[in-house]
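A short worksheet on the structure shown next.
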Amino acid sequence: MRLILLGPPGAGKGTQAVSIAETYSIPHISTGDIFRQALKDQTPLGMKAKEYMDKGQLVPDDIVIGIVQERLEGKDCEKGFLLDGFPRTTEQAKALDTILEGKGTPITYCINIEVPFDQLILRLTGRRVCKNCGATYHILFNKSNEEGICDKCGGELYQRADDSESTARERLAVYQKQTAPLIEYYERIGKLVTINGLQSIDKVFNDIKDALRGSY
Ligand code: AP5
Ligand code: ZN
């Protein structure tokens, strides 16, 4: 199964990606996570990506496409993959098509998680992430058992730098302009699956499983 998770910042892509990757035994490839790890490791890629991420802007296409192309060469991607946060521009979508056409392995589905914009600001500004394992929580909607501490590993929870209200608003504007056109792109080629993201985390996952039934 070769999947794309599409949706605005805060729609729940990362949250659902963990369950999808586990259920279907496919690697979870998040370009945002790749950049955050590179930044943590202080690599040149991380420093470059930071310039854009801090402003809520997209990292340039040529950088992102090169990274994903290399990642898709990984042996673990032969059985399928879940792309989270890529593609994000028409240029990236076309590049992905070319890469996959070359392999004769087109995308199975593009899962688009829909959530109204007013909810997204609330989700982004209330998100907390584990410093150690990357697990995601929310101060209202998905609380950890102990405030500030990860249930899974006991790590400390922090707020992403780009989850401030002003940067979150900029990210949503960038999404609207540069990424939202991809909904039509995948609809036109008959690969789009639309999921109502304004439900409980479990219900969203059940809807995704229902939509994928029969293609696995
Ligand atoms: P990235 O890390 O990809 O961020 P994003 O797309 O903005 O998505 P988020 O991680 O913010 O949201 P999500 O949909 O994963 O939501 P989550 O599950 O955490 O990208 C960051 C930056 O990297 C970009 O701005 C850009 O600079 C760069 N970048 C990355 N990819 C790029 C690319 N392809 N091209 C160029 N640049 C790129 O959930 C959000 C919150 O809501 C959490 O607190 C969660 O607990 C809660 N929640 C989840 N589901 C529910 C629910 N059903 N009900 C209530 N709360 C929920
Ligand atoms: Zn943790």
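Counting starts at 1 for both ligands and their atoms, following the listed order.
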- Item | Residue Lys191 excluded, over 12 heavy atoms near NZ under 6.0 Å | yes

- Under 3.5 Å, is there a donor-acceptor pair between the Thr89 and Asp61 side chains? yes

- Query: Given atoms SG of Cys150 and SG of Cys130, what angle do they subtend at the Zn ion (ligand 2), to the nearest 10 degrees?
  - Reply: 110°

- Do any heavy atoms of Gly7 fall under 4.0 Å from ligand 1? no

- Query: What angle sits at the Zn ion (ligand 2) between SG of Cys153 and SG of Cys133, to 10°?
  - Reply: 120°

- Query: Any idea which atoms of ligand 1 are less than 4.0 Å away from a heavy-atom of Gly197?
  - Reply: 53 (N)

- Query: So which protein heavy atom does atom 15 (O) of ligand 1 come closest to, and at what separation?
  - Reply: Gly14 N, 2.8 Å

- Check if Lys203 has a non-hydrogen atom at a distance under 4.0 Å from any atom of ligand 1. no

- For Ser200, the ligand 1 atoms with a heavy-atom partner under 4.0 Å come out as 53 (N)

- Message: I need the atoms of ligand 1 closer than 4.0 Å to a non-hydrogen atom of Gly85, numbered in the order shown.
- Response: 31 (N), 32 (C), 33 (C), 34 (N)

- Message: Using a 4.0 Å heavy-atom cut-off, which part of Asn142 comes near ligand 1: side chain, backbone, both, or neither?
- Response: side chain

- Does an N or O from Gly56, backbone or side chain, lie closer than 3.5 Å to an N or O of ligand 1? no

- Can Gln119 be said to touch ligand 1, with heavy atoms closer than 4.0 Å? no

- Message: One residue to check: Tyr175. Relative to ligand 1, which of side chain, backbone, both or neither has a non-hydrogen atom less than 4.0 Å away?
- Response: neither

- Just which atoms of ligand 1 are under 4.0 Å from any heavy atom in Gln92? 33 (C), 34 (N), 35 (N), 36 (C)

- Query: Within less than 4.0 angstrom of ligand 1, does Arg160 place any heavy atom?
  - Reply: yes

- Query: Heavy-atom contacts under 4.0 Å between Leu124 and ligand 1: side chain, backbone, both, or neither?
  - Reply: side chain

- Of Gln199, Arg171, Arg88, the residue with the heavy atom nearest atom 24 (C) of ligand 1 is Arg88

- Using 4.0 Å as the upper bound for N to carboxylate O, is an ion pair formed by Lys94 and Glu101? no

- Item | Region of Val64 engaging ligand 1 - heavy atom pairs below 4.0 Å | side chain

